[in-house]
Amino acid sequence: VKVKIPFGDKYLDAIFSVPEKKPTYGVVLTHGAGGDMNFPHLVSLAAYLASHGVLCLRFTCKGLNVAYRTKAFKAVVEYLKLSDDYKLSGVFLAGRSMGSRAAASVIRQLSQDEDDDGFIQGLVCLSYPLHRPKLQSKLRDEDLLLISCPVLFVSGSADEMCEKQLLEGVVSKMKAPKKIHWIDKANHGMAVKGRTINDVMEEINAQVFSWLRENVQLQHK
């Protein structure tokens, strides 16, 4: 279902992937610095989640400024929260690369609001860009360290923007319940020599869903 979500004086393009049965939980998903919501990984994950009973709302927000992307993400979360079509008990925020930074930032900002109502259940970071390539001294970890909801990281062990030991170090300092799933030998774009992208996506999708299910005990008959 295609929708336009009001954002300031503009609209964000978004698509709902809707499960057959009425969903209780949803995932809001966005792309990295390049591309849009039709990036194959996002399309694949959205379809997988919907087929397993989780509503997925993915959206496009062009713009390389994290603060701007964060505002857009917030507008989408508000839109879903107030939606009459889908009465959800809670949502998980998810993003790829820069999108996951924006998602983390939204969660940190909303958790500092006094009227935090627990609508946001957790965070899924796909290829979280912990540092710029070859610039490991400056870590983008400030939001992660202040989040208290559950966080899942899915990262490639050969990601040039997220060195394995550095992410493990940050995660060890996080207060939130957290889990890292390493995709062996995958780079930042989740490409692995000798594996098809569909094969890698199946692994990612299954990991994300099983983690969501653990965190809300989604009952599937």
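Nothing here was measured: the structure is a model prediction, and the numbers come from that model.
Note that the CE atom of Met201 and the CD1 atom of Ile183 stand 8.5 Å from one another [nearest 0.5 Å]. The distance from the CD1 atom of Ile5 to the OH atom of Tyr11 is 11.5 Å, given to the nearest 0.5 Å. Atom CG of Asp159 and atom OG of Ser97 lie 8.0 Å apart (nearest 0.5 Å). Lys193 NZ to Asn187 CG: the interatomic distance, rounded to the nearest 0.5 Å, is 9.5 Å. Between atom CD of residue Gln121 and atom SG of residue Cys149 there is a gap of 9.0 Å, rounded to the nearest 0.5 Å. Taking CG of Asn205 as the reference point, atom NE2 of His41 lies at 9.5 Å (rounded to 0.5 Å).
Arg69 places a side-chain N or O within 3.5 Å of a backbone atom of Gly32 that can act as its donor or acceptor partner. Judged by distance alone, the side chain of Lys178 and the main-chain N or O of Met174 form a donor-acceptor pair under 3.5 Å. Under a 3.5 Å cut-off, the side chain of Lys175 and the backbone N or O of Leu145 do form a donor-acceptor pair. Although no hydrogens or angles enter the test, the distance criterion places a donor-acceptor pair under 3.5 Å between the side chain of Lys62 and the main chain of Gly35. Here the side chain of Ser127 pairs a donor or acceptor atom with the backbone of His188 at under 3.5 angstrom. For the pair Ser105 (side chain) and Arg101 (backbone), a donor-acceptor distance under 3.5 Å is absent.
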Start with the C-alpha gap between Phe119 and Leu110, add the side-chain angles, then the distance that decides, and say whether side-chain contact (heavy atoms from CB on, under 4.5 Å) holds.
-> CA-CA 10 Å; Phe119 183 62; Leu110 292 180; over 6 Å; no

Take Phe73 and Thr30, measure what side-chain contact (heavy atoms from CB on, under 4.5 Å) needs, and give me the verdict at the end.
-> CA-CA 8 Å; Phe73 212 129; Thr30 194; 3.5 Å; yes

Candidate pair Leu45 and Leu49, rule side-chain contact (heavy atoms from CB on, under 4.5 Å), full reasoning = CA-CA 6 Å; Leu45 179 59; Leu49 292 175; 4.0 Å; yes

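Taking hydrophobic clusters as Ile, Leu, Val, Met, Phe, Trp and Tyr residues chained together by side-chain heavy-atom distances below 4.5 Å, Val208 does not share a cluster with Val43. Linking Ile, Leu, Val, Met, Phe, Trp and Tyr residues whenever their side-chain heavy atoms come within less than 4.5 Å leaves Leu146 and Leu144 in two separate clusters. Note on Leu82 and Tyr86: separate hydrophobic clusters, where clusters join Ile, Leu, Val, Met, Phe, Trp and Tyr whose side-chain heavy atoms are under 4.5 Å apart, directly or indirectly. Residues Leu123 and Leu80 share a single hydrophobic cluster, defined by chaining ILVMFWY side chains whose heavy atoms lie under 4.5 Å apart. Met37 and Val27 fall into different hydrophobic clusters, where Ile, Leu, Val, Met, Phe, Trp and Tyr residues are linked whenever their side-chain heavy atoms come under 4.5 Å apart, directly or through other members.
The 12-atom threshold is exceeded at NZ of Lys179, counting heavy atoms of other residues, nucleotides or ligands nearer than 6.0 Å. Lys87 NZ: more than 12 foreign heavy atoms inside a 6.0 Å radius.
By the 4.5 Å heavy-atom criterion applied to side chains, Val28 and Phe59 are counted as neighbours. For the pair Leu57/Leu29, no side-chain contact is recorded, criterion being any heavy-atom separation below 4.5 Å from C-beta on. At a threshold of 4.5 Å between non-hydrogen side-chain atoms, the residues Glu203 and Asp199 do not count as touching. The closest side-chain heavy-atom distance from Tyr48 to Val54 is not below 4.5 Å. Put simply, the side chain of Val154 does not reach to within 4.5 Å of the side chain of Cys125, judged on heavy atoms. Looking only at side-chain heavy atoms (C-beta outward), Val192 and Asp184 stay at 4.5 Å or farther from each other. No side-chain heavy atom of Leu93 sits under 4.5 Å from any side-chain heavy atom of Val124. Side-chain atoms of Trp182 and Phe153, non-hydrogen and from C-beta on, never get closer than 4.5 Å to each other.
With salt bridges taken as basic N to acidic carboxylate O contacts below 4.0 Å, none links Arg108 and Glu142. Taking 4.0 Å as the cut-off between side-chain N and carboxylate O, Glu168 and Lys164 count as a salt-bridged pair. Salt bridge absent: Arg140 and Asp143 never bring a charged side-chain N and a carboxylate O closer than 4.0 Å.
The two residues Ile147 and Ala104 make their nearest non-hydrogen contact at CD1-O, 3.7 Å.
Note: His52 and Phe209 have tilted aromatic rings, judged against thresholds of 30 and 60 degrees for the angle between ring planes.
For His31 and Phe39, the ring centers are positioned 6.0 Å apart or more. Here Phe7 and Tyr68 bring their ring centres to under 6.0 angstrom of each other. Between Trp211 and Phe92, the ring centre distance stays below 6.0 Å.
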